[in-house]
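The chains referred to below are lettered A, B, ... by the order of the sequence lines, with proteins before strands, and numbering in each begins at 1.
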Protein chains: 2
Amino acid sequence: MIRFSKKIEYALGTLQFLGLHQNTPISARELSIKLKIPYEFLSKTLQQLARSGIVIANYGIKGGYHLAKKPSEIHFSDIIDALDENASVVDCVDGLEASCERYNYCNIKNPLLELQSKIFELIRSTTLEDLLKDFKSTKFDVANLDC
Amino acid sequence: MIRFSKKIEYALGTLQFLGLHQNTPISARELSIKLKIPYEFLSKTLQQLARSGIVIANYGIKGGYHLAKKPSEIHFSDIIDALDENASVVDCVDGLEASCERYNYCNIKNPLLELQSKIFELIRSTTLEDLLKDFKSTKFDVANLDC
DNA sequence: TAAAATACGATTATTTTAATCGTATATTTA
DNA sequence: TAAATATACGATTAAAATAATCGTATTTTA
Ligand code: SF4
Ligand code: SF4
């Protein structure tokens, strides 16, 4: 199996929402309710995104989170990195041979690394803007969206 | 995270080995030893590959497994399908709305499905031949390979 | 007919992912 | 300046997915 984790899905949905409301900070609590994501989990995810400079945290009574950059500058690969996940099809990527016990006698790694770099390129070239363009093109009334 | 399972890796290594010895059937036991894969696990994996017409099982005292088709005709997507795994980046692929509880209010699925179809295409277009070409090009002495 | 091989359901162990808990800290505004 | 509203984050628990193992049956051929 090869799949995005829930954490990544949550992050994508959240960033999309923030992208639709770029002017005002939105609290983790509100995001959690609107997007039906467990608060503590989302909260921690937002903290990770903040540490990586993808969103900005605003403290205080009217605080919340907002995007730190333009949607077109937020690559999926950045998001995955920020969440400490990785998109490697195999373990032995980072040159850390130790990461896989069969590294030395493994004859499939090179072709797999090739495939992986192609997948990486796809993920890198997808940005938050791709999550927003449907809304743009259909001129959705953002204010009235449940989500 | 987005990664091939061990089962898939084992299958790829095994098919590569079978591809290097296309003339003679090789028993699950021998494959398990040569490739250092737990026997029962590999055995079941081979059965799945056999059911899907990727390898052919030969019973009896000189039996074993051999490839059912040319390497160029064995796509990675076939292998993944055979092993009952899938390469979907998200759950909601198959049009089974029920597969995800948030389907109805989810606004990220369309762009993700787009990304997914590109990844699918990469996986489909990679074949067992890609796992063998290094051996071909370097004129490896297959007979002397440990693996 | 015995040996060597595959077939396969069922169970257990391990690892990864997801969710929750508890407490500390920062900021704003009334 | 105090109370309310937020974020910060380590630690723990729960749930799910993956990997490994067990036990027994069936098939073929030397
Ligand atoms: S070395 Fe081979 S077996 Fe190990 S992670 Fe890489 S591809 Fe997989
Ligand atoms: S519907 Fe949305 S949340 Fe559900 S699996 Fe698809 S992309 Fe993910």
Exercise for the section: Report yes or no: is the cationic atom of Lys34(A) (NZ for Lys, CZ for Arg) closer than 6.0 Å to the six-membered ring centre of Phe17(A), at no more than 45° off its axis? Expected result: no
Taking 4.0 Å as the cut-off, does a side-chain nitrogen or oxygen of [X] come that near to OP1 or OP2 on [N]?
{"X": "Arg3(B)", "N": "dT16(C)", "value": "no"}
{"X": "Tyr39(A)", "N": "dA6(D)", "value": "no"}
{"X": "Tyr65(B)", "N": "dA7(C)", "value": "yes"}
{"X": "Arg29(B)", "N": "dT6(C)", "value": "no"}
{"X": "Ser43(B)", "N": "dA7(C)", "value": "no"}

Candidates [options] - which lies nearest the side chain of [X]:
{"X": "Lys7(A)", "options": "dA5(C), dA18(C), dT25(C)", "answer": "dA18(C)"}
{"X": "Ala57(B)", "options": "dT6(C), dA4(C), dA20(D)", "answer": "dT6(C)"}
{"X": "Glu40(B)", "options": "dT20(C), dC9(D), dT21(D)", "answer": "dT21(D)"}

Rounded to whole Å, please give me the gap between [atom1] in [X] and [atom2] in [N].
{"X": "Ile54(A)", "N": "dT7(D)", "atom1": "CD1", "atom2": "P", "value": "17 Å"}
{"X": "Phe4(A)", "N": "dA17(D)", "atom1": "CZ", "atom2": "P", "value": "18 Å"}
{"X": "Phe41(A)", "N": "dT13(D)", "atom1": "CZ", "atom2": "C1'", "value": "14 Å"}
{"X": "Ile26(B)", "N": "dA4(C)", "atom1": "CD1", "atom2": "C1'", "value": "16 Å"}
{"X": "Ile56(B)", "N": "dA7(C)", "atom1": "CD1", "atom2": "P", "value": "12 Å"}
{"X": "Asn58(B)", "N": "dA4(C)", "atom1": "CG", "atom2": "P", "value": "17 Å"}
{"X": "Lys44(A)", "N": "dT17(C)", "atom1": "NZ", "atom2": "C1'", "value": "11 Å"}

Problem - Test: Lys118(A) and Glu121(A) ion pair at under 4.0 Å - result: no
Handout entry: Side-chain heavy atoms of Leu12(B) within contact of Leu128(B), under 4.5 Å
Key =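 Contact flag for Leu12(B)/Leu128(B) side chains = no.
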Handout entry: Shortest non-hydrogen contact between Leu46(A) and Ala28(A), atoms and distance
Key = CD1-CB, 3.8 Å
Handout entry: Hphob cluster co-occupancy, Leu113(A) + Ile2(A), side-chain heavy atoms under 4.5 angstrom
Key = yes
Exercise for the section: With a 3.5 angstrom cut-off on both distances, give the Watson-Crick or G-U wobble partner of dT12(C), or none if there isn't one. Expected result: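 Base partner found: dA19(D).
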